Amino acid sequence: MRKSIIPLLLITSIALAGCNSDNNNNNNATAASCAGTAVNPQRLYLQQLGPHSVIIKWRGNQNGGAEADNVCFGTDMEKLLQESQTTATVTATGHSEALLSGLQADTTYYYSVGGAAVADAAHSFRTAPAPGELPGDSNTRIWIVGDSGTAGKGSPAAGQVRDGFETFVKNHGNEPADLFLMLGDNAYNQGTDIEHQKAVFDVYTKLLATTPVWPTIGNHEMGSLGVSMSISPNAYAVLGDGASGGPDPAPDSPMPYLNIFTLPTDGEIGGLPSGTEQYYSFDYANVHIVSLDTQLSMRDTDSRAAMLQWLKDDLIANSLDWTIVIFHHPPYTKGSHDSDNELGGIDQPIFAIREEFTPIFEQYGVDLAYSGHSHIYERSYYIKGHTALSDTFDPAVNAELNDAGDAASGQGAEAYTQITRDGTDDKVVYTVAGNGGQVTITSAGFPHPANFFSDLELGSVVIDLDADRLEASFVDINGAVLDSFIITR
Amino acid sequence: MPGDARHRLPSLFPPMKPSLLFGLTVLIALAVANVGPTWADAAVAERIQALSAQIEQLPDNQALRLQRSLAYIENNQPDLALADIRTVEIQGDALQAAFAHGILLFQTGDYAVARPYFDRYLQAYPGHAGALDYRARLLRDTGEKRLALADYESLIALNDSLDPGYYLATARLLAELPDRGVDEALALLDKRIQQRGLITPLQRYAVELEKNRGHFQRAIQRMAGLDTKLKATPQWQVEVAELLLLAGKPDEALPYLTVAKEQLQWGRQTGANRELLLNVHRLQDQAQHAITPGTNSR
């Protein structure tokens with residue numbers, strides 16, 4: 001739950017007016033260093049990282065002592081200046097949030113939770129490039145995992161997937177992720193605070209200290225009161241004796257996801273204000289990213305209408321080179337969920353996203369759409385206009401074709417172009433990446449005819465994009481690329 | 001990527017005819033989940049198994065049975081859920097069972113039957129946001145506008161973080177009730193926008209309300225209140241032009257259409273922009289014809 005951060009913004013801006021990322025200049029020789037003691041929180045993560053600001057969020061102290069109440073930061077990790085010290089606000093669920101503002105775009109900063117003079121090398125972040133600009137290395141790398149929340153149940157799978165990504169990074173220029181996207185079902189089974197600790201913060205500890213995480217809501221973030229069909233954060237409740245945690249205390253939402261993550265509601269990092277943390281958008285360099293709420297807002301007519309209108313306007317107002325949408329329920333799947341089966345209402349969002357939202361994606365220039373829910377990797381052709389059941393998919397009508405008249409693969413000579421053969425930017429590649437913590441089964445009719453590639457292997461997705469080219473790769477637990485495609489513009 | 005390697009299953013799942021594959025899938029699912037043929041989610045199936053084992057040990061524990069009923073609802077097994085709920089209603093606390101019974105009937109679309117269960121539960125727990133949430137939607141969808149409005153207003157008073165859909169629903173109900181009306185709806189929308197910033201769907205609904213009652217100038221003023229990023233788009237120019245045409249001001253509409261056309265020449269080549277350009281041409285003709293009958297702007 002987002003707290004008022006305006007006072008902090010003012011304080012930090014004033015504090016930084018004289019030192020704004022000039023920690024390396026000559027004045028620093030005489031400026032006072034921070035004098036606090038570093039604290040290693042139990043959870044430490046970055047929220048809403050933009051060109052000029054970031055929220056550092058944490059809770060707990062691994063050593064069992066007092067929790068930190070401030071952060072010092074700067075560009076010189078050996079000397080964090082006193083004047084950078086930023087006091088955190090504390091939420092009802094005990095999370096501390098420090099908004100650092102007045103930062104320089106595309107610049108590496110170091111920070112110390114607790115306000116020590118010297119930063120831990122693992123505690124750093126690089127601000128986003130100015131909107132529309134490319135990062136210094138020209139490439140933005142995005143890491144995406146879906147349905148990864150199995151670690152709390154004792155599964156090593158999410159850790160293996162993370163290791164696979166790290167191997168990939170090592171083998172591909174050592175470039176770390178700039179953004180970390182989570183596709184929902186981030187913390188099984190009920191999305192309690194404890195389950196988030198085990199499945200998110202204990203698995204991605206190092207990454208979260210350096211890379212902003214941008215999530216979307218899955219059905220398992222909604223507790224267990226008719227869990228998959230819950231219609232509102234108000235319906236959050238848990239089954240059992242509470243050993244895995246329960247609802248969060250008032251005045252925060254009962255739903256831990258909304259309290260753990262501090263997400264933009266007012267277009268803070270670009271994008272159009274959504275007025276809710278349940279769905280939002282943001283900009284990073286030359287890419288616009290939208291996170292939709294297919295779990296709650298999608299299940300009610302008025303909430304869905306509001307989200308759809310917001311999406312349309314958000315996409316109309318977007319002028320960046322690339323557009324990516326993430327949400328939990330996949331429009332085209334034959335994995336552990338079947339996009340031809342509404343399952344008595346449980347998978348109603350699958351139908352709603354396909355029938356009402358995919359036409360908007362295609363009309364308004366979305367390039368890629370990622371979802372989870374089905375515990376499998378499935379990647380579509382470059383498609384449009386497929387809003388009905390799988391047996392209606394017709395490559396000649398719905399897919400970008402190659403020279404031979406077959407659906408193009410997106411690989412090699414069949415790489416896609418943003419402006420398609422129709423002369424319009426009217427197609428989208430849809431990927432199900434619900435294989436970040438488990439792979440289970442397929443459904444009747446597997447594979448879905450809209451999908452070029454399907455695989456019951458654990459893994460994740462890496463997207464590399466620059467001004468003219470985007471490459472999306474399916475990476476397994478060994479760091480090997482099992483599928484990839486390219487879009488150029 | 002070789003064609004035959006594009007859709008891969010582990011060795012446990014060798015390639016086979018779809019019908020055989022489906023059969024095997026169902027068998028494995030059932031074996032794992034130990035539930036009926038509507039198996040939906042492994043995690044839910046696990047929970048049902050665990051609860052069933054506990055109920056076997058503690059057959060009189062109604063709380064466990066109620067929890068299992070909710071898991072059955074989630075697992076698309078309404079009959080089994082109902083059986084558990086009925087057992088609790090007979091042997092345990094019928095009030096606690098009422099909420100679960102209401103949810104079950106809401107999910108199966110039996111709104112009329114579901115309502116008394118929520119009524120009963122809310123009589124005992126009037127501030128229960130979850131139950132209010134279900135009943136508000138149920139009442140809205142069954143046309144009980146006044147009662148629905150009361151529940152939505154209670155929800156808004158209880159929780160400041162509701163998504164814009166709640167405000168849209170409440171504003172719609174207000175606008176439809178003659179003794180409340182459009183002015184109250186607009187006041188609610190404005191208040192929320194003041195609290196949370198320029199939430200486009202709410203402002204757009206306000207524009208629609210003004211437009212529907214013929215207050216075109218006010219609608220135009222509200223269009224000017226949309227987010228700056230949106231106001232920089234050709235879409236916005238076209239919408240303002242449409243309102244000006246409705247207001248009988250074709251001469252004022254034309255400059256907006258000219259700007260939109262210019263923007264579209266340089267804008268992204270999306271399907272939406274193509275359609276918008278066609279709309280610009282249509283509106284230009286309409287405006288020109290209104291100014292000088294018999295002329296065409298292009």
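What you are looking at is a predicted structure, and each value in this text was computed from that prediction instead of being measured. So that the names make sense, note that chain A is the first sequence line, chain B the second, and so on, each numbered from 1.
Under 4.0 Å is where a charged nitrogen must lie from a carboxylate oxygen, and between B:R140 and A:D300 at least one such pair does. For the pair B:R6 and A:D455, the salt-bridge criterion is not met [side-chain N within less than 4.0 Å of a carboxylate O].
Contacts of A:T150 with chain B are absent, with no heavy-atom separation under 4.5 Å from either backbone or side chain. Contacts of A:D422 with chain B are made by backbone atoms alone, with heavy-atom separations under 4.5 Å and no side-chain atom involved. Heavy-atom distances place no part of B:L132 under 4.5 Å from chain A, backbone and side chain included. For a residue to count as touching a neighbouring chain, one of its non-hydrogen atoms must lie under 4.5 Å from one of that chain's; by this rule B:D133 touches chain A with backbone and side chain alike. Both the backbone and the side chain of B:A169 come within less than 4.5 Å of a heavy atom of chain A. Heavy-atom distances place no part of A:Y377 under 4.5 Å from chain B, backbone and side chain included. Interface remark: A:E378 contributes no atoms to any contact with chain B (heavy atom separation under 4.5 Å). Of the two parts of A:I316, the backbone and the side chain both hold a non-hydrogen atom closer than 4.5 Å to a non-hydrogen atom of chain B.
When the candidates A:A306, A:S319, A:A250 are compared by the number of heavy-atom contacts under 4.5 Å with chain B, A:A306 comes out ahead. Interface summary for chain B: among A:D426, A:T424, A:T276, the most heavy-atom pairs under 4.5 angstrom belong to A:T424. Interface summary for chain A: among B:P201, B:G130, B:A63, the most heavy-atom pairs under 4.5 angstrom belong to B:P201. Comparing B:G267, B:A81, B:A129, B:A232 by heavy-atom pairs within less than 4.5 Å of chain A, the highest count is held by B:A129.
Between the CG atom of B:L162 and the OG atom of A:S253 there is a distance of 9.5 Å, given to the nearest 0.5 Å. Between the CG atom of A:L343 and the CG atom of B:N76 there is a distance of 5.5 Å, given to the nearest 0.5 Å.
The two residues B:A272 and A:Y364 make their nearest non-hydrogen contact at CB-CE2, 3.3 Å. For the residue pair B:T200 and A:L272, the shortest heavy atom distance occurs at OG1-CD2, 3.4 Å. Counting all heavy atoms, side chain and backbone alike, A:G275 lies closest to B:P164 at O-CD, 4.2 Å. For the residue pair A:D266 and B:G197, the shortest heavy atom distance occurs at OD1-CA, 4.2 Å. B:R268 and A:D321 get closest at one heavy-atom pair: NH2-O, 4.0 Å. In plain terms, the two heavy atoms of B:H7 and A:P447 that are nearest each other are ND1-CB, 3.3 Å.
Under 3.5 Å, the side chains of B:R8 and A:S454 contain no donor-acceptor pair of N or O atoms. There is no side-chain donor-acceptor pair under 3.5 Å between B:Y134 and A:S232. Side chains of B:E275 and A:Q363: a donor-acceptor N/O pair is present below 3.5 angstrom, by distance only. B:T270 and A:D425 form no side-chain donor-acceptor contact under 3.5 Å, judged by distance and modelled atom types alone. A side-chain donor from one of B:D163 and A:S303 sits under 3.5 Å from a side-chain acceptor of the other.
Side-chain contact check for B:I199 versus A:S274: every heavy-atom pair is 4.5 Å or farther apart. Contact annotation: the side chain of A:N234 never approaches that of B:H128 to less than 4.5 Å [non-hydrogen atoms, C-beta and beyond].
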(message) Using the rule given for side-chain contact (heavy atoms from CB on, under 4.5 Å), can you reason through A:D314 versus B:K229, listing the C-alpha separation, both sets of side-chain angles and the distance that settles it, and then say yes or no?
(response) CA-CA 9 Å; A:D314 179 76; B:K229 287 189 279 286; over 6 Å; no
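Contacts of B:R172 classified as salt bridge (charged side-chain N to carboxylate O under 4.0 Å, His left out), with partners at least two apart in sequence or in another chain: A:D302.
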